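The structure presented is a predicted model; accordingly, all values stated were derived computationally and were not measured. Just follow the structure's listing: the first ligand is 1, and inside any ligand the first atom is 1.
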Amino acid sequence: MIVTHDSREAREWAERVRAAGLSVGLVPTMGALHAGHHALIERARAECDRVAVTVYVNPTQFSSTEDLETYPRTTAEDEAACRERGVDLVLLGESTGDAGIYADGFQTWIKVEELSRPCCGRFRPGHFRGVATVVAILFGIFRPHRAYFGEKDYQQARVIDRLARDLRTGVEVRTVPSVRDADGLALSSRNVRLDADARRVALAIPRALQSAVRAVESGEDRAARIQALVTEELEAAEGLDVQYVEALDAETLREPGDVLLADLPGGLLVAVAAIAGGVRLIDNVVLFAPGRERESSAPTTGES
Ligand code: AMP
């Protein structure tokens with residue numbers, strides 16, 4: 001496995017792979033790798049001839065008041081996890097310099113307009129601009145055939161799928177289902193900062209999303225009522241500071257109005273952000289009318 005800090009070396013590696021007629025799979029991460037990241041790597045491994053993982057805590061997607069400084073960094077463990085899973089190249093990104101991710105004098109931004117607006121877009125101004133820009137840069141460095149993202153960050157995957165199409169990158173954006181701990185909490189690098197109490201509080205999130213799943217299974221079919229149910233359950237959770245509960249058309253991320261699940265072929269996205277013990281957590285579920293599951297599952301392809 002090649003481990004490099006130099007984006008030029010990564011570019012040359014990817015060029016050689018493509019020139020040999022082999023496919024390149026890219027898994028962009030911010031490190032502190034856990035089983036959620038491993039699932040992306042394993043999917044890439046299964047579908048691509050060569051796999052590159054990037055570990056880069058991208059400063060442009062954090063606002064000044066966020067946790068850039070305290071974001072967990074576990075580079076040695078990340079390298080070992082990649083090696084164990086047969087990754088071919090790990091790029092440990094640097095922010096500046098000739099070898100860096102951002103060119104000196106950098107001033108080009110990618111902004112995916114509509115999909116960046118709801119949910120986290122309302123609470124993290126500039127966040128998706130930072131995400132879209134760094135992913136566009138990584139796509140430029142690696143020119144991968146496929147790139148892998150988690151459904152845990154559903155809106156992010158939609159934003160990236162859109163930019164891959166809009167910029168005619170030819171990159172196929174693949175999404176991988178959320179990996180959860182046994183207690184239901186979606187894995188996140190930030191979970192290490194939850195103490196036992198905060199973790200107990202945080203479990204209200206997967207519980208509320210499960211209530212929505214069960215409600216649909218027992219016949220609930222109105223988007224508005226599903227949103228109300230999840231909101232009510234989360235607001236009742238002591239110690240949890242709810243930022244948003246949104247129920248959106250999972251394809252467009254538009255408010256669906258008072259529609260039936262059956263009217264949403266791409267499903268109803270129920271997305272949540274809440275703070276437990278000072279740690280901001282997000283989670284979501286995509287609900288389908290019974291019998292219509294994943295008929296046209298949301299973010300999957302690049303060029304079409
Ligand atoms: P991050 O390092 O948090 O920026 O995440 C890198 C990639 O891993 C993103 O595409 C995330 O959506 C994905 N990811 C993070 N947590 C999970 C999880 N619990 N299950 C599946 N994918 C995840």
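- Pocket lining of ligand 1, defined as residues with a non-hydrogen atom under 4.0 Å away: P28, T29, M30, H34, G36, H37, L40, Y71, F149, G150, K152, D153, Q156, P177, S178, V179, L187.
- Relative orientation of the H37 and H34 rings is tilted, given thresholds of 30° and 60° on the angle between their planes.
- Electrostatic pairing of R207 and D183 does not count as a salt bridge here, judged by no charged N lying under 4.0 Å from a carboxylate O.
- With hydrogens and angles left out, the side-chain atoms of Y56 and S95 include a donor and acceptor closer than 3.5 Å.
- Under 3.5 Å, the side chains of E66 and Y71 contain no donor-acceptor pair of N or O atoms.
- Checked by atom type, the side-chain pair E151/S178 shows no donor-acceptor distance below 3.5 Å.
- Under 3.5 Å, the side chains of T60 and N58 contain a donor-acceptor pair of N or O atoms.
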